[in-house]
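Because the structure is a prediction, the values reported are computed rather than measured. Here is how names work: the chains are called A, B, and so on, in the same order as the sequence lines, proteins then strands, and each is numbered from 1.
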Amino acid sequence: MSRYQPGVIEPKWQAIWDERNTFKTPEIDPGTPKYYALGMFPYPSGSGLHVGHPESYTALDIVSRYKRKLGFNVLHPMGWDAFGLPAERAAVRDGRHPRDITRENIANFKQQLKALGFSYDWDREINTSEPEYYRWTQWIFLKLYDQGLAYLAEVPVNWCPAQGTVLANEEVQDGRYVETGDPVERRLMKQWMLKITVYAQRLLDDLEHVDWPEHVKEMQRQWIGRSEGAEVSFKVEGLASSFKVFTTRPDTLFGATYCVLAPEHALVEQLTTDAQRADVQAYVETAKNRSERDRQAGGDREKTGVFTGAYAINPVNGEKLPIWVADYVLVTYGTGAIMAVPAHDERDHAFAKAFELPIIEVVQSPADHDVQESAWSGDGLSVNSGDFDGLNVVEFKRRIIDWLEAEAHGKGRVQFKLRDWLFSRQRYWGEPFPVLLDEAGNPSVVDPDALPVTLPHIDAYKPTADGQPPLARAGDDWLFVDADGKQLSRETNTMPQWAGSCWYYLRYMDPHNTELPFSEQAEKYWGPVDLYIGGVEHAVLHLLYARFWHKVLFDCGLVSTVEPFKKLFNQGMILAYSYRDANGKYYYPEQVEQGEDGDWYTKEGAIRVDTKIEKMSKSRFNVVNPNDVVAEYGADALRIYEMFMGPLEQVKPWQMSGVEGVYRFLARTWRLFIDADSGELHRHIRSDVPADADLRRSLHTAVQQVTQGIEELRFNGPVSRMMEFVKLATARAELPKHELELFVQILAPYAPHIAEELWEKLGRTEALATFPWPDVDLGALTQDTVNIAVQVQGKLRGSLEAPKNAGKDELLAMAKGIENVARFLEGKAIVKEIVVPGRLVNFVVRPA
RNA sequence: GGGGAUGUGGCGGAAUCGGUAGACGCGCUUGAUUCAAAAUCAAGUGACUUAUGGUCAUGAGGGUUCGAGUCCCUCCAUCCCUACCA
């Protein structure tokens with residue numbers, strides 16, 4: 001073979017790795033350091049991988065291959081987040097079982113990944129939708145249940161009567177199902193909830209201990225949303241009832257001019273006066289049918305509300321405050337009721353303006369600020385607050401909370417935005433709950449030994465006519481269970497897609513265990529994940545849910561670490577150019593070409609099209625399939641291009657010409673080693689050829705940068721250094737074999753196939769995968785002479801070549817000797833001479 | 001509205017510590033090779049200019065400094081997340 005033919009060498013080495021079990025995970029050996037490199041596992045969709053997927057996978061593969069060469073026991077697994085809605089939709093559409101569709105998709109994904117030569121241990125492959133896996137998801141649910149962290153509650157869901165199904169929040173927009181436009185209503189249904197709120201403070205605090213991007217931590221902090229304030233009790237005038245409000249500004253209690261209850265607040269019905277009843281009922285009805293998301297995000301967000309006719313008593317001064325119902329107050333946050341202080345809260349201000357309610361200033365705003373015009377939420381000394389006048393905000397808060405507690409009107413309270421996790425879905429393709437219900441709907445759990453509760457066969461993957469989840473279609477033999485003579489029925493909801501991904505990183509540690517989800521030794525050795533890479537879209541939900549489960553497992557003594565993922569990194573999305581004409585019609589990249597004027601036109605008809613860099617999607621005709629890239633340029637070129645494009649964390653556009661450039665680099669590398677005529681190693685590559693200083697400097701610069709780059713997850717620059725080395729080496733008539741071997745070593749993590757082939761051609765028989773990583777020869781990096789910039793007034797006027805360790809005076813003399821420098825110094829007085837060794841000389845001058 | 005990021009040639013990007021801006025790749029230009037083309041190799045390629053030199057240039061405008069892509073202030077644009085959280 002004389003040319004570089006990735007299509008030949010890549011399958012060859014992939015087959016050899018398989019055959020030799022090259023990437024089998026080593027046995028647990030406490031004497032050997034471990035490294036656990038994990039990529040977020042994909043949902044095996046019907047459309048297959050696109051080139052965005054292999055970005056993080058390539059980075060992780062490079063790290064894994066490198067760590068093996070450093071002597072680590074590496075765990076580098078891959079699997080499938082295989083439950084989920086798309087397969088269920090496809091099943092409904094095609095009348096097939098979602099399991100079969102999922103398995104097909106997985107086979108396709110696997111074949112795509114295998115073609116890229118990732119060093120996964122495929123023996124540890126997992127699939128969250130197989131009973132062998134979800135048995136343990138159910139098992140962990142039982143742990144949550146035992147800890148009192150799982151409970152049933154009536155909660156509102158999005159119900160679509162036309163489709164006869166419940167929809168996820170993401171599927172509903174403006175009160176309609178996104179796909180069909182059918183109206184969606186809110187309906188109360190009994191749902192499983194997980195008490196993630198119990199862990200709110202720990203989820204917040206433990207962020208301090210993980211090596212995660214600051215912005216992801218910040219997103220989680222905001223999602224958890226801790227705020228400190230007070231809970232204050234308000235009596236209702238003329239009734240025995242009272243209600244509590246949560247406020248972060250108890251210092252503004254004297255400025256409260258009305259109260260608001262959420263439409264769903266339990267007291268609304270009771271305290272509404274007969275005169276107001278019709279209005280309130282109408283309002284509550286309307287609000288109920290708008291989803292919460294809709295209510296919050298919808299349109300201009302004009303304040304609406306209605307007076308109940310009732311009054312609350314302000315505990316601090318006995319004032320009568322009208323009680324309103326308004327949907328800007330959310331029943332799910334705090335107590336579902338607020339005291340409104342329009343002078344110092346924007347939302348209350350807008351509401352007060354709309355309904356002409358009084359605005360009373362209780363925190364002195366700046367002279368140029370009128371609280372009648374807009375709210376003042378800044379600091380200031382208190383006014384109109386009785387005995388509390390003259391305090392600043394912080395001091396006031398402390399004093400008023402003491403007072404509230406002393407007078408039994410309230411207390412200090414910490415509130416989180418984080419809510420309990422709605423954990424059931426009315427779907428077929430998910431984990432069945434290991435739960436039985438009696439006639440009254442009281443739950444009991446299935447014995448752990450009886451797991452898994454497998455998915456039953458049903459006739460259609462959709463809800464029943466009366467709106468029960470698909471599992472209600474199962475036969476009686478599945479639905480009903482006899483327990484001590486009583487008939488119990490199975491829970492027909494299933495778990496959400498997040499469930500399986502909450503603990504998959506643990507299963508990889510011990511994937512074939514039939515006694516436990518994972519053994520103690522395996523977890524102790526492999527945990528926690530050392531490096532976890534995935535998209536930033538999982539910054540909150542998946543990562544928060546997984547941390548939650550991990551902490552529960554920690555409390556159960558099942559895992560030994562507090563946090564599951566030591567280091568987290570987010571890769572940036574890969575975008576692609578799209579081409580679209582004035583009518584909005586998209587064209588495939590191969591349908592367009594660039595005209596002489598630089599604009600783009602369709603090949604047929606020469607219609608002008610706009611180019612735009614967008615997210616890859618089928619509808620934009622800009623999805624790039626890695627198989628196509630592999631077929632044309634090979635997996636090694638794809639892998640290197642993915643890394644060469646730019647920093648891993650950055651969003652960047654795919655450019656096929658860039659892959660071509662990388663392919664040329666690999667072809668040049670091939671020609672550097674391999675004689676075109678014989679197909680064997682060039683005869684001018686020999687052990688007795690001495691390495692010159694330039695070649696060694698170039699090589700060791702590359703060794704150093706590749707090494708550092710992998711440690712710091714910076715992969716683009718090191719590729720440039722390898723390119724420079726190959727370019728330089730190509731110009732040599734004879735080449736030292738040892739140096740070329742070192743080069744193959746550092747190329748190997750990036751482009752493992754060509755590296756293996758060249759390693760073999762070099763006559764090496766040791767396993768490349770575990771051949772020790774080369775050390776940098778720092779001596780090779782130093783140069784005898786250095787190039788020094790010479791500036792006058794900070795402007796570059798020349799440069800000079802000086803001995804590495806030239807003294808200050810010597811450099812100054814040389815600098816002054818440069819003709820152009822002398823020209824700029826002439827007739828000037830030198831005020832200051834700045835010498836930065838190895839870098840530059842700068843003269844600061846002044847007219848003489 | 002809140003939070004986060006990003007802005008450098010025709011394009012992707014480099015400059016990691018305040019020290020010669022534009023490494024490397026793409027594209028483009030010229031040359032070699034070829035009957036020709038592809039491929040390959042070599043050289044060039046920020047703009048302007050009165051060209052061995054000079055001036056201007058890192059989203060815009062200010063500032064600190066001998067020296068700023070890098071630090072500080074003000075603003076603009078784009079993207080992502082979040083969204084009435086009391």
Look at the side chain of A:Gln791 and decide which nucleotide, out of B:rA86, B:rG12, B:rU20, has an atom nearest to it.
B:rU20
Enter syn or anti for the glycosidic conformation of B:rC17, syn applying to angles within 90° of 0.
syn
Nearest of B:rA86, B:rG19, B:rG13 to any side-chain atom of A:Val836?
B:rG19
Tell me what A:Tyr663 touches on the nucleic acid: a base, only sugar-phosphate, or nothing, going by heavy atoms under 4.0 Å.
nothing
Suppose we define a pair by two distances each less than 3.5 Å, Watson-Crick or G-U wobble; what does B:rA38 pair with here?
none
Considering every strand and a 4.0 Å limit on heavy-atom distances, what is the contact class for A:Arg671: base, sugar-phosphate, or nothing?
sugar-phosphate
Hey, are A:Thr332 and A:Arg419 close enough side-chain-wise for a donor-acceptor pair under 3.5 Å?
yes
For the side chain of A:Glu724, starting at C-beta, report the closest nucleotide among B:rG53, B:rA86, B:rA23.
B:rA23
Counting Watson-Crick and G-U wobble pairs only, both distances under 3.5 Å, name the nucleotide matched with B:rC56, or none.
B:rG46
Distance between P atoms of B:rG63 and B:rC80 (Å, rounded)
36 Å
Residue-phosphate contact under 4.0 Å: A:Arg797 side-chain N/O, B:rG67 OP1/OP2:
no
Both conditions, 6.0 Å and 45 degrees, for the charged tip of A:Arg221 above the ring of A:Trp212: are they met here?
no
Need to verify one output field. Residue with the more 5' nearest nucleotide on RNA chain B, A:Val662 or A:Gln415?
A:Val662
Is it the case that B:rU20 (base atoms only) and A:Asn787 (side chain only) share a donor and an acceptor within less than 3.5 Å, ignoring hydrogens and angles?
yes
Name the nucleic acid region contacted by A:Gln650, choosing base, sugar-phosphate or nothing; use a 4.0 angstrom heavy-atom cut-off, strictly under.
sugar-phosphate
Is it the case that A:Lys303 places NZ or CZ above or below the six-membered ring of A:Tyr328, under 6.0 angstrom from the centre and within 45 degrees of the axis?
yes
Between A:Trp212 (CH2) and B:rC81 (C1'), how many Å, whole number?
16 Å
Rounding to the closest angstrom, what is the interatomic distance between B:rC71 and B:rC81 at atom C1'?
28 Å
Per the glycosidic torsion and the 90° limit around 0, nucleotide B:rA51 is syn
Nucleotide of B:rA86, B:rU82, B:rG13 approaching A:Pro647 most closely (side-chain heavy atoms)
B:rG13
I'd like to know if A:Glu228 and A:Arg226 make a salt bridge, using a cut-off of under 4.0 Å between side-chain N and carboxylate O.
yes
Scanning all shown strands, the Watson-Crick or wobble mate of B:rA68 with both distances under 3.5 Å is none
Taking atom types as modelled, find out whether A:Glu642 and A:Thr58 have a side-chain donor-acceptor pair closer than 3.5 angstrom.
no
In this structure, how many angstroms lie between the C1' atom of B:rG13 and the CE atom of A:Met643, rounded?
15 Å
From CG of A:Leu261 over to C1' of B:rA86, roughly how many Å is that when rounded to an integer?
13 Å
Could you tell me the separation between the CG atom of A:Leu418 and the P atom of B:rA83, rounded to a whole number of Å?
13 Å
Can you tell me how far P in B:rC41 sits from the matching atom in B:rU49, rounded to whole Å?
35 Å
Measure CE/A:Met723 against C1'/B:rG25 and give the value in whole Å, please.
6 Å
Is it true that a side-chain atom of A:Asp251 and a backbone atom of A:Phe396 form a donor plus acceptor pair closer than 3.5 Å?
no
Rounding to the closest angstrom, what is the interatomic distance between B:rU29 and B:rU78 at atom P?
34 Å
Would one find a side-chain N or O of A:Lys795 under 4.0 angstrom from OP1 or OP2 of B:rC56?
yes
Provide, to the nearest angstrom, the distance between the CG atom belonging to A:Leu253 and the C1' atom belonging to B:rA86.
12 Å
What is the base-pairing partner of B:rA14, counting Watson-Crick and G-U wobble geometry with both distances under 3.5 Å?
none
B:rU20 pairs with which nucleotide, Watson-Crick or G-U wobble, both distances below 3.5 Å?
none
Describe the nucleic acid contact of A:Val651 in one word from base, sugar-phosphate, nothing, applying a heavy-atom distance below 4.0 Å.
sugar-phosphate
Is the phosphate of B:rA14, meaning OP1 or OP2, less than 4.0 Å from a side-chain N or O of A:Asn716?
yes
Check the distance between B:rA83's P and A:Met219's CE and give it to me in whole angstrom.
10 Å
Reading RNA chain B from 5' onward, which residue's closest nucleotide shows up sooner: A:Gly225 or A:Lys615?
A:Lys615
Indicate syn or anti for B:rG9, taking the glycosidic torsion and treating anything within 90° of 0 as syn.
syn
Which nucleotide in the list B:rG25, B:rG54, B:rA86 gets nearest to the side chain of A:Phe246?
B:rA86
Using 4.0 Å as the upper bound for N to carboxylate O, is an ion pair formed by A:Lys652 and A:Glu55?
yes
Give me the distance, rounded to whole Å, that separates B:rG9 from B:rA21 when you measure between the C1' atoms they each carry.
11 Å
With heavy atoms under 4.0 Å as the rule, sort A:Ser227 into base, sugar-phosphate or nothing.
sugar-phosphate
For the pair made of CZ in A:Phe715 and P in B:rA14, what is the distance, rounded to whole Å?
14 Å
For the P atoms, the ones on B:rG10 and on B:rU65, what distance do you get once it is rounded to whole angstrom?
34 Å
Compare side-chain N and O positions of A:Ser657 against OP1 and OP2 of B:rG25 and report whether any pair is under 4.0 Å apart.
no
Looking at B:rA42, B:rC24, B:rA86, which one has an atom nearest to any side-chain atom of A:Lys727?
B:rA42
With side-chain contact (heavy atoms from CB on, under 4.5 Å) as the test, pick out the partner of A:Lys816 among A:Leu825, A:Val841, A:Val821.
A:Leu825
Whole-Å C1' distance, B:rU45 and B:rC24
15 Å
With a 4.5 Å limit on heavy-atom distance, are the side chains of A:Thr304 and A:Phe351 in contact?
no
Work out how far the C1' atom of B:rG22 is from that of B:rG12, and round it to whole angstrom.
13 Å
Taking only side-chain N and O atoms of A:Asn570, does any of them lie within less than 4.0 angstrom of OP1 or OP2 on B:rC80?
no
Would you mind pulling out the nucleotide paired to B:rU6, Watson-Crick or G-U wobble, both distances under 3.5 Å?
B:rA77
Is a donor-acceptor contact shorter than 3.5 angstrom present between the side chain of A:Arg664 and the base of B:rU40?
no
Would you mind classifying the nucleic acid contact of A:Lys652 as base, sugar-phosphate or nothing, using non-hydrogen atoms under 4.0 angstrom?
sugar-phosphate
Hey, does the side chain of A:Arg714 come within less than 4.0 Å of B:rU16's phosphate (OP1/OP2), counting only N and O?
no
Between A:Glu724 and A:Arg697 (salt bridge meaning N to carboxylate O under 4.0 Å), is one present in this structure?
no
So which nucleotide from B:rA23, B:rA21, B:rG25 ends up closest to the side chain of A:Leu796?
B:rA21
